[in-house]
Amino acid sequence: MTNRSALARSALVAALGLQLMAFPLGAQEVGRRLSGLLLTEGSGAPVEGAHIRLVDPADSVRAEALSDAQGAFSLPMPPAGVYRLLVARIGYQSWASDTLHVDWAPESRSLRLDIPVEPIPLPELSVSEENVCPTTREQRERAFALYESVLPILATVSHTADLGSLRMQMVRPRKVYFRGGTYRFERDTTTVVVPKSLYNASPEHLVAHGYAGVVDTMTTFYAPDGDALAAPGFLATHCLRPVRSEEEATVGLGFEPKPGREVVDVAGVLWIDTVAGEPRELEFQYTSLRPFLRKHLEPTLRLWVEAHHGRVNFSAIQIRDESRFGGVLHFGRLAGDRWLIREWRIRRPALVYRGYFAAGSRGQVWPMARSLEFAGEVLALIPP
């Protein structure tokens, strides 16, 4: 992989051969490609693992790829129109090209782009002894090596829209109400067609607000998907460590929030196939749940209980086993070097209660956190 310090001192040069040939409007030209090469200016060394995206004026991704060990990348030629190329690599500011016009010109043209790269300070990438994480220097070195080995895959698993839609089986809890206002949860299974397997908040949102929030009065919990893991913000807010596995040729990359995080966050292990250099699955648990439940879920529960039983005393929220709340993501390979989250399961908390209510006295309520399971599995890829 290209040396990080060399990248910080230089600029990337992309020599992009744009084949601007006539083809039917609204369809990608079969077999025609937009190819390029990412090299460091001066030395000409290839830049591996850069994430290249072709976006339209609405910033919708029309195609994307990773640069290989030689710095080369190749994208399907899009329909005639106006586009931009976005180039990103971990630890450096993203870059966007000027407008690219793909038109009906019969001749071929080439375009050379000088791409300045500005380093982003990533304190957690440092393996110096001055570190707030409870790990040794050797553990941090090993953990970062593991992280870099799977970073190119993580950066793309959440971006499959250019390959087509996904037919998925989704499982969600559904409330079934009974007389008197009581209810229970049942599993509701449906088959849907969606552009991506797991919807999530942006990495910037997760860093600033954590992995739980209230959106339009609805409580939502998020997962550490590929975008979240590959973002500089994740590294700035989490400690990494290597984790041993009982399985041969498998090692874990453990992560946990850095001390001082006061939002709902995640801790877990990314399991990696060390022979193939590929991520297999990610297990995680939510952390710092109690303050969030008390602030956002307890008031709603209190209103419901008091509407049915009058004024009551509320005890502290009981969480018997916080590790029950979290999830698992399974990664799978598509054609070529493309990957996706092929299956996922998330167990998020909801508040229920036990209560004691007697005529003429104030009732007592014991709120308890229970898990509700949401899941998804990719059944098929539907080409565009």
Side-chain angles (χ1 to χ4, degrees), residues 51 59 61 88 90-91 93-94 120-125 132-133 147 151 154-155 157-159 172-173 194-240 253-270 282-303 317 319 322-329 341 344-351 367 369-376:
H51 185 202
D59 283 336
V61 178
I90 189 69
Q93 297 283 0
S94 299
I120 300 174
L122 300 176
E124 73 292 332
L125 298 187
V132 299
C133 296
Y147 179 80
L151 183 60
L154 294 177
V157 294
S158 299
H159 302 276
R172 298 182 176 90
V194 292
K196 61 189 304 184
S197 61
L198 177 62
Y199 288 91
N200 214 39
S202 69
E204 295 78 14
H205 179 95
L206 298 175
V207 169
H209 305 289
Y211 286 76
V214 178
V215 180
D216 296 331
T217 72
M218 297 295 293
T219 304
T220 303
F221 284 77
Y222 303 107
D225 64 355
D227 280 354
L229 293 171
F234 185 85
L235 297 175
T237 54
H238 290 78
C239 298
L240 305 183
L253 175 63
F255 56 90
E256 62 184 66
K258 286 188 174 181
R261 287 283 282 172
E262 297 181 353
V263 294
V264 175
D265 215 303
V266 289
V269 180
L270 173 65
L282 181 143
E283 301 170 333
F284 71 94
Q285 296 84 42
Y286 293 114
T287 64
S288 303
L289 281 174
R290 195 181 300 275
F292 180 86
L293 299 180
R294 186 167 53 245
K295 179 179 180 180
H296 296 286
L297 272 67
E298 183 178 303
T300 301
L301 178 64
R302 184 185 293 270
L303 287 174
I317 297 174
I319 303 178
E322 194 164 308
S323 66
R324 292 185 303 162
F325 305 109
V328 59
L329 312 181
I341 300 171
W344 55 267
R345 184 175 69 254
I346 297 174
R347 298 178 304 276
R348 50 156 290 182
L351 279 189
R370 62 158 294 180
S371 62
L372 298 178
E373 184 168 295
F374 297 73

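Keep in mind the model is a prediction, meaning the values are calculated, not measured. One-based numbering along the sequence shown.
- Separation of atoms CZ (Arg294) and CD1 (Ile317) is listed at 6.5 Å; rounding is to 0.5 Å.
- A 4.5 Å side-chain heavy-atom check between Phe255 and Leu282 finds at least one atom pair inside the cut-off.
- One distance of note links CD1 of Ile341 with CG of Leu198; it measures 5.0 Å at 0.5 Å rounding.
- Shortest non-hydrogen contact noted between Ala155 and His159 is O-CD2, 3.6 Å.
- Proximity of Asp225 to Trp344: side-chain heavy atoms (C-beta onward) are nowhere separated by under 4.5 Å.
- A 4.5 Å side-chain heavy-atom check between Thr220 and Tyr222 finds at least one atom pair inside the cut-off.
- Judged purely by atom type and a 3.5 angstrom limit, Arg348 uses its side chain to pair as donor or acceptor with the backbone of Thr219.
- Within the 4.5 Å cutoff, the side chain of Leu351 has heavy atoms near those of the Glu298 side chain.
- The closest side-chain heavy-atom distance from Asp265 to His238 is below 4.5 Å.
- The two residues Ala350 and Leu372 come nearest to each other via the heavy atoms CB-CD1, 3.6 Å.
- No option in Leu154, Leu206, Leu229 other than Leu229 meets the side chain to side chain contact (heavy atoms under 4.5 Å, CB included) test with Pro224.
- No donor-acceptor pair under 3.5 Å is formed between the side chain of Arg261 and the backbone N or O of Thr237.
- Taking each heavy atom of Gly226 and Ser158 in turn, the nearest pair found is N-OG, 3.5 Å.
- Partner of Glu373 under the salt bridge (charged side-chain N to carboxylate O under 4.0 Å, His left out) criterion, out of Arg172, Arg345, Arg347, Arg324: Arg345 alone.
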TODO: Evaluate the criterion side chain to side chain contact (heavy atoms under 4.5 Å, CB included) for residue pair Phe292 and Val263; output intermediate values, then yes/no.
DONE: CA-CA 8 Å; Phe292 180 86; Val263 294; over 6 Å; no

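- Looking at heavy atoms from C-beta onward, Leu329 lies out of side-chain contact with Val157 at the 4.5 angstrom threshold.
- Taking the six-membered ring for Trp, Phe234 and Tyr147 have ring centres at least 6.0 Å apart.
- Within the 4.5 Å cutoff, side-chain heavy atoms of Ile346 are placed close to those of Tyr286.
- Between Phe284 and Leu270, every side-chain heavy-atom pair lies at or beyond the 4.5 Å cut-off.
- Side-chain atoms of Asn200 come within 3.5 Å of backbone N or O of Ala223 as a donor-acceptor pair.
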